[in-house]
Amino acid sequence: MNHFTSRFLLVLGACLGLFSSSCERDADVEVPETEPKLSLTSWITSGEDTVRVFLSRSVPTFSEFNGTIQDWPDADVRVSDGTNTVQLQFDPLNLYYVGSFEDSPLEIGRTYQYTVLVDGKNLSAATRIPPLAATTSSLEASYTPPLPNDLFGTGVINTLAQLNDPDPNEFNYYRVVFELEEQWMETSAIMDTRDVFLNDAELVNGQVSVRSALQANTFGSPTQTIRTRVITASREYYEFHRTARLAEFSDNPFAEPVIVYSNVIGGLGAVGGYRQTVTEIPFVR
Amino acid sequence: MKTITCVLIAWMVGAHCFAQQRFTISGTVTESGNGESLPGVVIVDLNTRSGTATNNYGFYSISLPADSVTLVFNYIGYQTLVKRFQLEADLFMNVQLLAEGVSLQEVVISAEEQRRISEETQMSSIEIPVDQIKKIPALFGEKDVLKVIQLLPGVQKGGEGNAGFYVRGGGPDQNLIILDDATMYNVNHLFGFFSLFNGDALKSVELIKGGFPARYGGRLSSVLELQMKDGNKEKIEGEAGIGLISSRLTLEGPIKKGKSSFIVSGRRTYIDLLIYPFLPDDAKSGYYFYDFNAKANFTLDDKNRLFVSGYFGQDRFYFRPETRGYEQRGALQWGNATATTRWNHVFNPKTFANLSLIFSRYNLGIRLEEKTDDFIFNLRYNSSIRDWSVKYDIDYRPVPDHSIRVGAITTLHRFTPSAIVVRGTDIPEDASSGNSVDALESGVYIEDDWRISSRWKANAGFRLSHFFSRGTHYVGAEPRASVRYMLDDRSSLKASYALMNQYLHLLSNTGVGLPTDLWVPATPQVMPQRSQQWAIGYARDLQKPKVTLTLEGYYKDMRNIIQYKEGASFLAVGDLSGTNEVPWENNVTSGRGLSYGAEFMVQKKSGKFTGWVGYTLSWTRFQFDSLNQGNWFFARFDRRHDLSLVGIYEVNDRLSLSATWVYGTGQAITLPQGTFAFWEHTPGASGANSPLLLNSATDYGNKNGFRMEPYHRLDIAARWTKQLERSERTFELGVYNLYSRWNPYFYYISSEFNENTSSFRNVLKKISLFPILPSISWSWKF
């Protein structure tokens, strides 16, 4: 049905395009400013003492672009936990800034303040690591073999995880990552992953069932592991990753553009805190 | 409660006692020569300065003291009629008005009294004479009511050539469009380039943008009420026309002379018929639309009249390539059908009632058939909304200072968002899916047009609405009020307030009126839309030149309006029953809208030169928690400045010239500002030293933060009319977009490679639809 509608709209679009092809010309309007914007991304979790920050400069849509992303080695990047402030150093190998709270590892429930000074411009952002982490009370998987005429032999592993609200007094955000890992002799590899974003609004009585479908090739190893990584995230982490993922896969010309979330004052990107719990079960097709 | 009851009783008794000293004159006002009833005729007694106006069916009622009476009947486009007599008893008096230009056949005294906009309580309302619509230049020469509506202040158009309209910041779904009491759901032909209203069949067109009387409900932003002609009761007459893309024919006449009449009017495009033979066999396809209006009315006696009317129209896009050994047939068709039966009954000279039975349907259908020697596939898709309504309205005019209306309406909506039937060789049994959802929408109202004193007049009303669907009840209390204060004989101040509820939502991605737009009911997850609008205004009727001037300011607060979530579209909509994985509620988000601004209009309705100047200064902003990071943003159709100049000049009896010039601030759209790289957290990454997963995203800045180029255009037309012995021929030459302004229809980004710097640069390109377009049409009235 939708295929037909799409086809019809395509024909309509083609007709309009044909009709108006002679009416195409440069827009007589001032395009948006061409100055690059600063982008800052950083994700922190409790227990670690290292903070990494990735800085970049946006490429304006209407400027010349030669295909390279410029790094930013001369910025003053600092992170403060309210008591201690760490100045991060640029790692030219990995192209990010890194620093360590050696005496006080990152703590849950604590707010971390980022400040960046570069070329006379300031960026700032703040986030907090969620106090409690959600867990899965159960994880199930079932296998649906490929259709007989599927030349690639791609079956589906339907997974179902039961998620519990870690803190009913707080509105929580979650990113649930399902992984399919295959074991070959001594090695293993992640063969497929799926992300699901949800929040407490979708929970009923403090619980929610999260479903996903992982693709499993019949030619792969029959010995597999199904794993869920439940990220209990700050709102900043959740909104940034959710909208960035949505933007990445949004190719519908009729859909409204996805505006990627930002909590960076004076720039783009986001900083966010998270906690992670992992549950896994062995699975044999 | 007791106090209120006592006051009401005292008021009713007082009104009745007061009425005992008076007599009532009532009847209908019709056009001389064809018996067409005339709504909105102003009737004033010059001795007492009491006045009234005919209702939609031409009925009037006025109670006056037993004395000498000088009644003036006045209506734009018609000669003023004055009746002088001694009033000694209740009087039933039918009146006929002569159209301007028709020679006088009875003694008519010219009066100074004209229908004055300054005296009306109703504000934010504009009536457009149908004759004027026919003289205004139009795209391809196709006269279009909705395109003329777009030229009024407070009304913005959707896009180039599009018939969709936005009133005071409200979307096209918030316009209640009524044709002979029937709600029209999709008023577009050809994806919005033409509306489905055939001007030849219309009698009156009125747009209300605010200060809504309580008798209207169900939409937030406007009421566009269209009435079809009744048909000539005296003689057979008709009109035929040939244009560039369509032809039309209208016939009307008496069924029984003086008692009953009919009118039928049809229109069809024919480009498909002309080009079909020249298409290659494997690309046979076409498009057409047609519409058909029919109406009959019967005067049963002095107290009873019956009207039966209907509209049937359809757009059809089809393809049927002819390939050897393989047959394929496909069609996408959509259209409206309405049927209305109305019974007017005059209970007594002061009480008029109307009962309407209404059916309305909008349907979208898709058919696909494929056939080879050993294979058959057949798909049918249907999406529709059907309404069955009963409506009862009573006009009660107990004393000249009160005109009371009460009424009730109930509508059963049946939504069938998608019903699919599939048959085929490989399908063992017919596969079908789709469910209908019913909803019941009802409303009761009372309103009183109350002349408080010679300076003060008010229209106060209350509407109680109710909506029931899928076990959920919504009840809405909707107070309405308009008040007018006369500053002097010809100028007044006005103010109004209206609370409106809307229980239906339109899912539309593009806002251009595609047939795939889907009507859905309010649900527990998606609440009814609600608005409150405040307006103040100044109106003045100038004597020389005879023009009306209005200046209005408004503020509208809209709640629970919906939009698609970012990244979502109708292509992912499931069905209402929720059996699909993506119910439509999950794809939309509710938010708030604010619209405010000022409108200015100078209008000249009579004389050799007629037309208007309309200017709007407005702001429309939205806030949705799930859009634009929860920040306010400008609506796509937010237009800071909107100016329309419309002029029609009757050079002589044979030649008229007309021109329109429009200017509007560019639409607000979202344009990419840049691309940035970011670190995407990978939950499975091991350790703090693992490499970062880098990704990139587009920076759009603020939603709708970019303005398209301003829109402006000049259209002109000349009409030559030749009076023949028994008929009249009109030839029209028009030019759309005279100076060929390249107004943008949409923008896209094109990438160009610079060899010197080995780099790419993006360039913003625009597509314009209509450069200068001449048109020619011919019509014959007989």
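Order of the sequence lines sets the chain letters (A, B, ...), proteins ahead of strands, with each chain counted from 1.
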Can you tell me if A:Arg25 uses its side chain to pair, donor with acceptor, with the backbone of B:Lys765 under 3.5 Å?
-> no
Describe, in one word, how the ring planes of B:His681 and A:Tyr274 are oriented to each other, choosing from parallel (under 30°), tilted (30 to 60°) and perpendicular (over 60°).
-> tilted
Closest-packed option against chain B by number of heavy-atom pairs under 4.5 Å, given A:Pro257, A:Gly269, A:Ser58 | A:Pro257
If you round to the nearest 0.5 Å, how far is CZ of A:Arg245 from CG of B:Asn695?
-> 8.0 Å
Side chain, backbone, both or neither: which part of A:Val258 has an atom under 4.5 Å from a heavy atom of chain B?
-> both
What part of B:Ile749 lies closer than 4.5 angstrom to a heavy atom of chain A: side chain, backbone, both or neither?
-> side chain
Where A:Val31 and B:Phe706 come nearest, the two heavy atoms and their spacing | CA-CE1, 4.2 Å
B:Pro683, part contacting chain A, at a heavy-atom distance under 4.5 Å = both
Partners meeting salt bridge (Lys or Arg N to Asp or Glu O under 4.0 Å) with A:Asp91 (sequence neighbours left out) = none
Under the salt bridge (Lys or Arg N to Asp or Glu O under 4.0 Å) test, which residues partner A:Glu280, sequence neighbours left out?
-> A:Arg227
So what's closer than 4.5 Å to chain A heavy atoms on B:Leu671: side chain, backbone, both or neither?
-> side chain
Toward chain A, the part of B:Tyr748 with a non-hydrogen atom under 4.5 Å | side chain
Apply the test side chain to side chain contact (heavy atoms under 4.5 Å, CB included) to residues A:Phe54 and B:Leu694: give CA-CA distance (whole Å), side-chain angles for both, the deciding distance (0.1 Å), then the verdict.
-> CA-CA 9 Å; A:Phe54 177 69; B:Leu694 296 185; 3.8 Å; yes
Please flag which part of A:Thr45 lies under 4.5 Å from any non-hydrogen atom of chain B: side chain, backbone, both or neither.
-> neither
Ignoring hydrogens and angles, tell me if any N or O in the side chain of A:Ser39 forms a donor-acceptor pair with the backbone of B:Phe676 under 3.5 Å.
-> no
Distance-minimising heavy-atom pair for B:Leu692 and A:Arg52 | CD2-NH1, 3.5 Å
What part of B:Gln629 gets closer than 4.5 Å to chain A, counting heavy atoms only: side chain, backbone, both or neither?
-> side chain
Without swapping roles, check the side chain of A:Thr61 against the backbone of B:Pro672 for a donor-acceptor pair under 3.5 Å.
-> yes
Is atom CD of A:Glu102 surrounded by more than 12 heavy atoms (other residues, nucleotides or ligands) closer than 6.0 Å?
-> no
What residue, out of B:Tyr287, B:Tyr700, B:Trp679, has the most heavy-atom pairs lying under 4.5 Å from chain A?
-> B:Trp679
Go through the atoms of B:Phe678 and report whether side chain, backbone, both or neither lie under 4.5 Å from a heavy atom of chain A.
-> both
Greatest number of non-hydrogen atom pairs under 4.5 angstrom with chain B, of A:Asp28, A:Ile231, A:Leu93, A:Asp195, falls to A:Asp28
Part of A:Glu179 within contact of chain B (heavy atom distance under 4.5 Å) = side chain
Distance from B:Thr675 atom OG1 to A:Lys37 atom NZ, nearest 0.5 Å?
-> 11.5 Å
Taking only Lys NZ, Arg NE, NH1 and NH2, and the carboxylate oxygens of Asp or Glu, determine whether A:Asp26 and B:Lys766 approach each other closer than 4.0 Å.
-> no
Does the side chain of B:Glu566 come within less than 4.5 Å of A:Ile259's, by heavy atoms?
-> yes
